[in-house]
Amino acid sequence: MPIHCLKLQPPAEQRARVHRPSALSGFTLVEVLISILVVGVSLGGVLSLYVQSAIRSDWSATSVSAQMMALSGMEQCRAATYDPRGQNATDSLQSTNFPQKVDILDIGTSSGVITYGTNTTTVSTVSANPMLKMVRVDCVWAFPRKGLFTNSVTTYRAPSQ
């Protein structure tokens, strides 16, 4: 008696997948290059935003430090004796008593960059009756590649009561 072997074959769609390697291939070179380009542009945008925010943060820190330096100069003027009507008439509130002061702005960073501020105090008489003086303190400072900036504080001062 003859023996017959049946050879089982997979369905046609499975045969097609097995015999056609292009159907199982991954990304093409063009797709990979485009995805790298998209990721590169995205990271470049994020990096530029980070750099800009760091620059703005440094500028803000320097500006706050300059404002504090100007306020320090104003406090010195407020502490000056100004009593022209008293028994011992004294008027220490004169521009000549407050020379220009150059000092390091305390930014509070460890970047190693030192920024200097220059305080200039101007005292002017506004009125003789009633006696009133205007005190203005300007702190001038420089920021790299941005130029000079000025923080100002102004107040009015009457004689001590």
Is there a path of hydrophobic side-chain contacts, each under 4.5 Å between heavy atoms, that joins [X] and [Y]?
| X | Y | result |
| --- | --- | --- |
| I34 | V32 | no |
| F149 | L105 | yes |
| W141 | I55 | yes |
| V153 | V123 | yes |
| V51 | F143 | yes |

Return the minimal non-hydrogen interatomic distance between [X] and [Y], and the atom names on each side.
| X | Y | result |
| --- | --- | --- |
| A61 | I107 | CB-CG2, 3.6 Å |
| G117 | C139 | CA-SG, 4.1 Å |
| S92 | F98 | O-CE1, 3.9 Å |
| P84 | A89 | O-CB, 3.3 Å |

Give a yes or no on whether the backbone of [Y] and the side-chain of [X] come within a donor-acceptor separation of less than 3.5 Å.
| X | Y | answer |
| --- | --- | --- |
| S42 | V38 | yes |
| Q52 | L49 | no |
| T62 | D58 | yes |
| S65 | D106 | yes |
| S72 | M68 | no |
| K133 | L93 | yes |

How many angstroms lie between atom CD of Q94 and atom OG1 of T121, to the nearest 0.5 angstrom?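 Between atom CD of Q94 and atom OG1 of T121 there are 12.5 Å.
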Check: [Y] and [X] side chains under 4.5 Å, non-hydrogen atoms:
| X | Y | value |
| --- | --- | --- |
| S152 | V137 | no |
| S63 | N151 | yes |
| V135 | Y82 | no |
| I104 | T115 | no |

What's the verdict on side chain to side chain donor-acceptor pair (under 3.5 Å) for D83 and T90, showing C-alpha distance, side-chain angles and the deciding distance? CA-CA 5 Å; D83 192 10; T90 55; 5.6 Å; no
For the pair R136 and D138, evaluate salt bridge (charged side-chain N to carboxylate O under 4.0 Å, His left out) and give the outcome as yes or no after the intermediate values. CA-CA 7 Å; R136 177 182 170 128; D138 297 314; 2.9 Å; yes
Check the side chains of T118 and Q100 for a donor-acceptor pair under 3.5 angstrom, ignoring hydrogens and angles.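 No - no donor-acceptor pair under 3.5 Å links their side chains.
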Please evaluate residues L132 and R157 with respect to the criterion side chain to side chain contact (heavy atoms under 4.5 Å, CB included), reporting the C-alpha separation (whole Å), side-chain torsions for both, the decisive distance (0.1 Å), and the verdict. CA-CA 6 Å; L132 189 64; R157 173 106 189 261; 5.9 Å; no
